[in-house]
Structure formats: structure tokens, C-alpha cells
Amino acid sequence: MNTAALRVVCGSANPRLTASVIDHLGVESDGCKVERFPDGELRPTIDNVCGADVYVIQSTAPPVNEHIVELMLLLDACRRSHAARVTAVLPYFGYARQDRRTASGQALGVSVVADAIARAGADRMVVVDPHGAALEAQCRIPVESLSAVPTLAGRLVNEVPEGSVVVAPDLGAAKLAERYAEILHGPVAVVRKQREDGSTVTALDIAGDVSGRPAVVIDDMISTGGTIEAAVELLRRRGATPDILVAATHGLFVHDAAGRLRDLELRRVVVADTVEHDETDTLVEVCSIAPVLAAAIGCMYDDKPVGAAVTQVQGTS
């Protein structure tokens with residue numbers, strides 16, 4: 001049995017989520033002050049965590065690089081303060097999309113960042129719906145992957161019309177769509193897309209029958225909204241009913257993604273709170289994964305398997 005004190009350190013990227021996790025765990029937050037120098041340098045200072053089992057919660061959402069550096073400094077501070085064990089909890093893992101090289105001369109971003117997190121002092125890592133399955137294989141510390149899919153699909157299950165089709169906006173999201181479909185009890189359709197640049201996407205074709213059917217478009221993240229926009233426009237051209245739902249774990253909403261989605265006249269966009277959101281946006285509904293993270297942290301602290309406890313929490317939420 002773990003006799004070390006359970007301590008939670010809150011990064012600055014998503015304090016609302018961390019506060020909710022702490023509330024579910026029934027522990028107090030450890031003090032953390034982040035000093036920002038005029039030239040942009042960060043200097044986090046944490047309370048004494050000597051001998052503690054520490055969980056540093058920090059999404060590496062935009063500004064991604066700043067939040068990654070803050071996370072590494074927090075991990076280093078814990079290590080230098082002689083924490084017994086340090087776990088990096090990343091509800092959103094930046095650079096996860098860079099899990100393979102697509103051209104000569106490119107870096108493997110996910111490997112570089114994962115290695116830096118380990119070297120900074122993390123003994124293990126927790127992530128939520130990473131973009132690809134390669135993260136664990138490219139990380140030299142243990143990785144616990146959680147999912148927001150049961151939480152998001154559970155929110156939608158009672159309002160998705162009968163006969164709805166679950167749509168993956170590209171081939172990479174096909175397995176994710178299958179997981180949603182198991183809960184929503186619908187067939188899967190997959191869009192074949194072509195990316196022109198970072199924000200421009202062309203939907204070329206769709207495999208699956210969508211004519212006259214309501215659609216739920218799913219993805220692991222929404223960044224610029226280009227992939228969702230292309231998929232929705234193709235669905236409407238192929239005769240899907242106009243009342244379309246969208247669900248994604250990570251709502252980054254960079255550039256004018258929110259406006260882009262509003263222009264599509266969607267029924268609703270449902271995301272998890274892995275990234276902090278503007279709660280005044282009436283189009284976006286945010287579902288909290290704090291109970292899932294708290295259950296996972298509780299199991300890890302007790303050195304117990306995470307899966308069963310997390311499944312139970314999501315089944316009752």
C-alpha cells in the first residue's frame with residue numbers, strides 16, 4: 001500500500017479542470033506560483049512535496065510551447081524537491097499529431113516532447129485520447145491512456161435520433177467512430193479527405209450511406225475546424241439531414257474555428273474539458289472528464305489497475 005501523501009500540483013493551462021479533479025479526490029491543492037519575467041521566461045515555485053506521490057496536471061494546449069516548458073519546469077521542481085514519485089497528467093498532449101515523419105528533414109515531435117517530459121522528472125504519464133497509438137511506444141516511461149469517448153457518447157446517447165450514422169471525418173478517426181457507434185448504436189461512415197494546408201481540407205468522398213439520415217461527426221480534436229467543415233459540407237451534399245451533431249475530445253478552436261463552426265449551423269458541438277473553454281459560447285457544450293482523471297489518479301496512487309475503476313465512473317456519469 002502506498003504510504004506517501006497524495007499531492008496534486010496545478011499548472012496554469014486549465015485550472016478549472018484541476019480544481020474539479022482535486023474536489024473529486026477530496027484532497028487539497030498544492031500551492032504553485034508561476035513567475036513570468038518580462039522576456040517571457042517562466043519560474044514556477046511549488047510547495048514542499050518531499051516524499052509525496054505527486055500528480056502534476058497540465059494540458060499542453062495553445063500556447064503549446066509555453067505550457068510544455070511550464071510542465072517541464074514543474075516536473076523538475078518536484079524532482080529537485082525529492083518527491084517520491086511524479087506523474088505528469090496531460091489531459092491534452094501537444095505534438096501528438098507529429099507521430100511520424102511525412103517528409104525528409106522533419107523531426108518526430110511526439111518523441112522529442114515525450115522524452116523531454118521524462119527527462120524533466122516524470123516517472124509516468126497520463127494522457128486523454130492521444131492523437132495516435134504510437135505515443136506509448138515512443139515514450140520511455142509508462143503511459144496510461146484514458147478516453148473521453150464514453151463520457152461524450154453517454155451525453156449524446158439519449159438525443160441522437162434513431163437511424164443516425166456516426167461519421168469519421170477522415171480515415172484516422174475510423175476506429176474512434178467505431179467506439180462511438182457501439183454506444184450510440186448506429187452505423188459508421190468514413191470520409192476520405194485531402195489536406196491542402198494547416199487549415200484547408202477537401203472532403204473527396206464518403207464510404208457509407210448517409211442519405212436522409214441524421215449524422216454525428218466525431219474526431220479526437222478540433223483545431224481550425226477545417227476537417228469538420230469539409231465533412232459537414234460533404235454530408236449535406238450527399239443528402240444527410242441538416243441537423244448535425246459534432247463531438248470531439250479536445251476543442252482547441254484556434255484561429256476562427258468557433259466562427260467557422262457557427263457558420264455551419266450545427267445542432268451542437270460537444271467537447272471535453274481537456275482544454276479550457278469560453279463558457280459563454282452557446283454552440284459548444286463542455287463535458288467534464290474530472291471524474292475520470294480523479295478515478296485514474298486514485299487507482300495509480302493505490303497501485304491498482306486503472307481500467308475497471310475508470311469504466312465504472314464513466315458508466316455512472
Side-chain angles (χ1 to χ4, degrees), residues 9-18 32-46 54-80 86-103 105-132 134-136 138-141 143 145 195 197-199 219-227 248-258 271-278 293:
V9 172
C10 175
S12 66
N14 197 339
R16 283 201 296 264
L17 173 59
T18 305
C32 173
K33 178 184 177 182
V34 179
E35 185 177 0
R36 286 174 165 79
F37 292 97
D39 63 357
E41 286 188 14
L42 305 175
R43 184 166 65 185
T45 303
I46 62 173
V54 183
Y55 297 81
V56 180
I57 304 179
Q58 171 80 333
S59 273
T60 53
V64 177
N65 297 332
E66 179 171 328
H67 286 147
I68 287 175
V69 170
E70 181 186 335
L71 171 63
M72 291 190 293
L73 293 174
L74 287 170
L75 294 170
D76 185 71
C78 292
R79 178 176 63 87
R80 294 179 188 275
V86 183
T87 303
V89 181
L90 288 77
Y92 169 70
F93 187 100
Y95 284 91
R97 285 175 287 183
Q98 295 188 35
D99 58 356
R100 63 187 183 278
R101 301 199 311 159
T102 58
Q106 293 180 343
L108 199 60
V110 67
S111 180
V112 172
V113 174
D115 190 55
I117 288 170
R119 290 183 181 277
D123 298 300
R124 55 190 182 174
M125 186 161 53
V126 177
V127 296
V128 180
D129 287 330
H131 185 69
L135 174 60
E136 187 168 7
Q138 294 172 337
C139 191
R140 63 188 182 93
I141 58 176
V143 178
S145 292
R195 180 171 291 280
D197 55 42
S199 60
D219 211 344
D220 64 314
M221 71 172 68
I222 301 174
S223 182
T224 65
T227 296
T249 298
H250 312 294
L252 304 182
F253 302 140
V254 298
H255 298 157
D256 190 33
V271 297
D273 56 352
T274 55
V275 176
E276 196 152 88
H277 296 95
D278 178 5
L293 289 173

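Source: prediction; values computed, not measured.
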Donor-acceptor pair, distance only, cut-off 3.5 Å: does the side chain of [X] make one with the backbone of [Y]?
X      : Y      : result
His277 : Val275 : yes
Gln58  : Ala88  : no
His131 : Phe93  : no
Asp123 : Val86  : yes

How long is the gap from [atom1] on [X] to [atom2] on [Y], to the nearest 0.5 Å?
X      : Y      : atom1 : atom2 : value
Leu17  : Glu276 : CG    : CD    : 8.5 Å
Ile222 : His250 : CD1   : NE2   : 11.0 Å
Asn14  : Leu90  : CG    : CG    : 11.5 Å
Leu108 : Arg101 : CG    : CZ    : 8.0 Å
Asp219 : Met221 : CG    : CE    : 8.0 Å

Please give me the minimum heavy-atom distance between [X] and [Y], naming the atom from each residue.
X     : Y      : value
Leu42 : Arg36  : CD2-CG, 3.3 Å
Pro15 : Ser12  : CD-O, 3.5 Å
Gly11 : Leu74  : CA-CD1, 3.9 Å
Val64 : Gly94  : CG1-CA, 4.1 Å
Ala96 : Val110 : CA-CG2, 4.1 Å
Leu75 : Ala122 : CD1-CB, 4.0 Å

So Ile46 and Val54, side-chain contact (heavy atoms from CB on, under 4.5 Å) or not? Walk me through it.
CA-CA 11 Å; Ile46 62 173; Val54 183; over 6 Å; no

[X] vs [Y] side-chain heavy atoms within contact, under 4.5 Å:
X      : Y      : result
Val126 : Tyr55  : no
Pro91  : Leu293 : yes
Cys10  : Ile57  : no
Val69  : Glu66  : no
Thr60  : Tyr95  : no
Arg43  : Leu73  : no

Given the rule in the side-chain contact (heavy atoms from CB on, under 4.5 Å) test, do Arg16 and Asp273 qualify, once you have shown the distances and angles that lead to the verdict?
CA-CA 9 Å; Arg16 283 201 296 264; Asp273 56 352; over 6 Å; no

More than 12 foreign heavy atoms under 6.0 Å from CZ of Arg100: is that the case here?
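It does not: Arg100 CZ has 12 such atoms or fewer within range.
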
For Arg97, look at atom CZ and say whether over 12 heavy atoms of other residues, nucleotides or ligands are found less than 6.0 Å away.
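For Arg97, atom CZ is not crowded (no more than 12 foreign heavy atoms under 6.0 Å).
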
Under the side-chain contact (heavy atoms from CB on, under 4.5 Å) rule, what do Leu71 and Val56 come out as? Steps first, then yes or no, please.
CA-CA 8 Å; Leu71 171 63; Val56 180; 3.9 Å; yes

Mind checking what makes side-chain contact (heavy atoms from CB on, under 4.5 Å) contact with Thr45, not counting sequence neighbours?
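In terms of side-chain contact (heavy atoms from CB on, under 4.5 Å), with neighbours along the sequence ignored, Thr45 is linked to no residue.
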
Under a 3.5 Å threshold, yes or no: a donor from one side chain and an acceptor from the other, between Thr224 and His255?
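Looking only at side-chain atoms, His255 and Thr224 do not form any donor-acceptor pair under 3.5 Å.
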
